[in-house]
Amino acid sequence: MFVESLKCIECGREYAPNAIVYTCEACGGLLDVTYDYSRLEASKLLEIWSRRPLSVWKYQELLPADSSRKVSLGEGGTGLHRCSRLASKLGVKELYVKNEGENPTGSFKDRGMTIGVTKAVELGAKATACASTGNTSASLAAYSAKAGLPCLVIVPSGKIARGKLVQAVAHGAKVLAIKGSFDDALKEVRKLCEKRGLYLLNSVNPFRLEGQKTLAYEVCEQLGRRVPDRIVLPVGNAGNISAIWKGFKELRELGITRETPKMMGVQAEGAAPFAHMILQNLDKLTPLDKPETVASAIRIGAPVNWSKAKAAVVESKGGVTVVSDEEIVDAQRELARLEGLFVEPASAASIAGLVKMLEQGVISRDETIVCVATGHGLKDPDIVVRFYEEPFEVESSRVEEVVGRVLGCG
Ligand code: AN7
């Protein structure tokens with residue numbers, strides 16, 4: 001492994017890579033995993049990688065966990081789908097969707113959890129824990145089961161999608177539903193982890209984000225060692241945008257690519273503290289007390305990774321936008337019906353955000369654009385039932401007549 005340390009992004013203090021520490025003990029800043037890139041040679045890496053299938057662990061030289069002990073369910077290697085029908089509707093030249101719903105538990109979280117839970121095993125953790133808007137808990141529950149570790153998840157009561165809750169229960173996690181928001185749940189679980197020695201696997205855990213950065217390597221490879229002009233993705237706790245940006249920066253640092261994409265974050269109207277900070281050019285994030293959106297995965301008022309994500313947007317010369325719930329559901333339906341990709345509402349925010357930024361002239365139509373669809377549509381079936389049209393109920397004797405009337409093909 002080529003890991004050097006865990007380094008505070010605020011004050012620069014360093015910690016040993018095997019320390020159980022989530023934020024800087026001196027200043028409270030977020031930690032980043034650092035590597036000795038000088039010992040890595042691009043041509044050698046490319047040669048080794050060319051012999052391995054597309055997956056998170058393909059890139060083990062740039063990961064902080066021991067691949068010989070990996071806790072894996074076959075994560076990563078998701079499709080990068082060229083979306084020609086949607087592109088022509090939007091008048092865009094080259095549009096792709098990276099479909100993270102193809103991961104083992106149906107979201108991008110699996111990229112992080114395979115590394116995070118492998119690390120938990122390496123560090124001798126007795127149990128894992130997280131707070132969650134749904135997908136983190138589903139993923140952590142599955143990887144903890146695979147590792148044989150007990151898992152505790154705390155979710156905001158009544159506020160997470162059914163499919164996700166069902167996954168956490170199915171994999172045997174202890175699920176506590178607290179009265180409060182995701183942000184309240186995260187506060188509680190952080191305290192518990194400090195006191196009881198549970199291993200925390202929210203995205204404040206620097207190891208988890210290392211797994212998530214592999215999306216950048218995959219996109220580059222799937223485009224034939226090309227870098228897109230833009231990456232568009234939903235922002236909740238702001239870990240994923242930070243992780244993916246790191247991945248692209250590393251490829252440039254290693255001399256594998258020359259360019260980096262502009263990172264474009266999308267938030268929902270009722271839960272947009274990060275977007276507002278960027279749009280108003282503020283130095284600090286002001287948390288939102290009661291976030292609300294149909295996209296329950298990103299119903300987050302106090303994104304813990306805001307400072308990393310701010311750097312991602314600023315350094316990449318990217319941007320942010322805000323979309324309404326209606327725009328999110330419309331985008332979800334469009335993607336499902338034009339491209340055969342059924343994604344959950346938070347993921348559809350990336351498409352809704354693209355539409356908005358094209359209208360605003362922030363993104364131009366001749367760019368190569370990758371939207372990240374972070375989770376599978378089946379995670380949240382209730383949204384479809386609520387917002388889409390009902391199926392027709394009909395007596396069997398009247399099927400032909402009704403089909404003729406409804407479909408106009410009688
Ligand atoms: C589908 O599961 O925070 O900006 O606790 O499930 O990295 O937080 C989920 C987040 C986007 C936002 N899309 O990513 C959780 C949780 C989907 C998500 C996000 C989430 P970050």
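Residues: numbered from 1 along the sequence shown.
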Please set out all donor-acceptor pairs under 3.5 angstrom arising from side-chain atoms of residues 287-298, sequence neighbours excluded.
unit_1	atom_1	unit_2	atom_2	d
Glu292	OE2	Arg299	NE	3.1
Thr293	OG1	Ala295	N	2.9
Thr293	OG1	Asp325	OD1	2.8

Not counting sequence neighbours, list each pair that qualifies as a ring-ring contact (aromatic ring centres under 6.0 Å, His included) and has a residue in [range].
range            : value
residues 233-253 : none
residues 86-144  : none
residues 154-184 : none

| task | Please name all residues satisfying side chain to side chain donor-acceptor pair (under 3.5 Å) with Lys356, sequence neighbours left out, ordered by chain then number. | result | Glu327

| query | Looking at residues at least two apart in the chain, or sitting in another chain, which of them share a side chain to side chain donor-acceptor pair (under 3.5 Å) with Thr257? | reply | none

Output a table of donor-acceptor pairs, distance under 3.5 Å, between side-chain atoms of residues 304-312 and any protein atom two or more places apart or on a different chain; print 'none' if there are none.
unit_1	atom_1	unit_2	atom_2	d
Asn305	ND2	Ser203	O	3.4
Asn305	ND2	Ser203	OG	3.0
Lys308	NZ	Leu31	O	2.7

| Which pairs, with at least one residue in residues 362-373 and sequence neighbours excluded, count as a side chain to side chain donor-acceptor pair (under 3.5 Å)? | Glu94-Thr368, Arg230-Glu367, Ser364-Asp366, Ser364-Glu367

| field | Non-neighbouring partners of Glu14 that pass salt bridge (charged side-chain N to carboxylate O under 4.0 Å, His left out), sequence neighbours left out | value | none

| Who pairs with Lys174 by salt bridge (charged side-chain N to carboxylate O under 4.0 Å, His left out), at least two apart in sequence or on another chain? | none

| request: Go through the structure and list residues passing side chain to side chain contact (heavy atoms under 4.5 Å, CB included) with Glu61, not counting sequence neighbours. | output: Phe2, Leu40, Leu45, Ile48, Trp49, Arg52

| task | Enter the distance from Arg190:CZ to Thr23:OG1 here, rounded to the nearest 0.5 Å. | result | 5.5 Å

| task | For Tyr217, check ring-ring contact (aromatic ring centres under 6.0 Å, His included) against everything at least two apart and list the hits. | result | Tyr59

